[in-house]
Amino acid sequence: MTDLPHARYIIVPHDGAWKINLNNSYYGPFATQQAAIDSATETAKKAAAGGYPASVLLMNGTAFDTAWTSIKNDDT
């Protein structure tokens, strides 16, 4: 079995709006951080249903806070 890549949807402020960064591509803009989180979470849940590990992360300075994840056991 081949491990599928982890889809990381990162919520970031970008060019005066909230955007979702996925694999160094930006999606949005969203008027609020919560709107970006909601959109990213909906998409991440679809990726997880397709077998991809997925997470929605909030960029907090140089750290990340997890808003949602399909990973049940983080053994990294």
Side-chain angles (χ1 to χ4, degrees):
M1 181 174 146
T2 303
D3 289 330
L4 296 173
H6 188 154
R8 290 178 177 89
Y9 300 84
I10 304 170
I11 310 303
V12 295
H14 185 263
D15 291 341
W18 291 98
K19 295 192 179 177
I20 300 167
N21 180 317
L22 175 65
N23 298 328
N24 294 319
S25 293
Y26 290 94
Y27 301 89
F30 298 90
T32 65
Q33 182 186 49
Q34 189 60 53
I37 292 168
D38 292 346
S39 180
T41 301
E42 181 180 326
T43 304
K45 286 179 178 180
K46 289 177 184 175
Y52 288 86
S55 298
V56 176
L57 305 171
L58 305 176
M59 190 150 199
N60 186 6
T62 58
F64 296 97
D65 296 323
T66 302
W68 182 89
T69 186
S70 68
I71 307 302
K72 301 300 180 209
N73 182 13
D74 186 8
D75 55 4
T76 56

J.: To the nearest 0.5 Å, what is the distance between CG (D65) and CG (N60)?
T.: 4.5 Å
J.: Can you find a heavy atom in the side chain of P5 that is under 4.5 Å from one in the side chain of Y52?
T.: yes
J.: Donor-acceptor pair, S39 side chain versus A35 backbone, under 3.5 Å?
T.: no
J.: Which heavy atom in N23 sits nearest to a heavy atom in N21, and how many Å separate them?
T.: N-OD1, 3.8 Å
J.: Is there a side-chain contact between Y9 and S55 in this structure, where contact means two heavy atoms from C-beta onward sitting under 4.5 Å apart?
T.: no
J.: If we only count heavy atoms from C-beta on, is the D38 to F30 side-chain gap below 4.5 Å?
T.: no
J.: Is any side-chain heavy atom of I37 closer than 4.5 Å to one of L58?
T.: yes
J.: Less than 4.5 Å apart, any side-chain heavy atom of L22 and any of R8?
T.: no
J.: Do P13 and W18 have side chains that get closer than 4.5 Å, going by heavy atoms?
T.: yes
J.: Flag the pair I11 / V56 as yes when at least one side-chain heavy-atom distance between them is below 4.5 Å, and no otherwise.
T.: yes
J.: Roughly how far, to the nearest 0.5 Å, is the OH atom of Y27 from the CD1 atom of I20?
T.: 9.5 Å
J.: To the nearest 0.5 Å, what is the distance between NE2 (H6) and OG (S70)?
T.: 6.0 Å
J.: Let me confirm one number: the OH-NZ distance from Y26 to K19, rounded to the nearest 0.5 Å.
T.: 8.5 Å
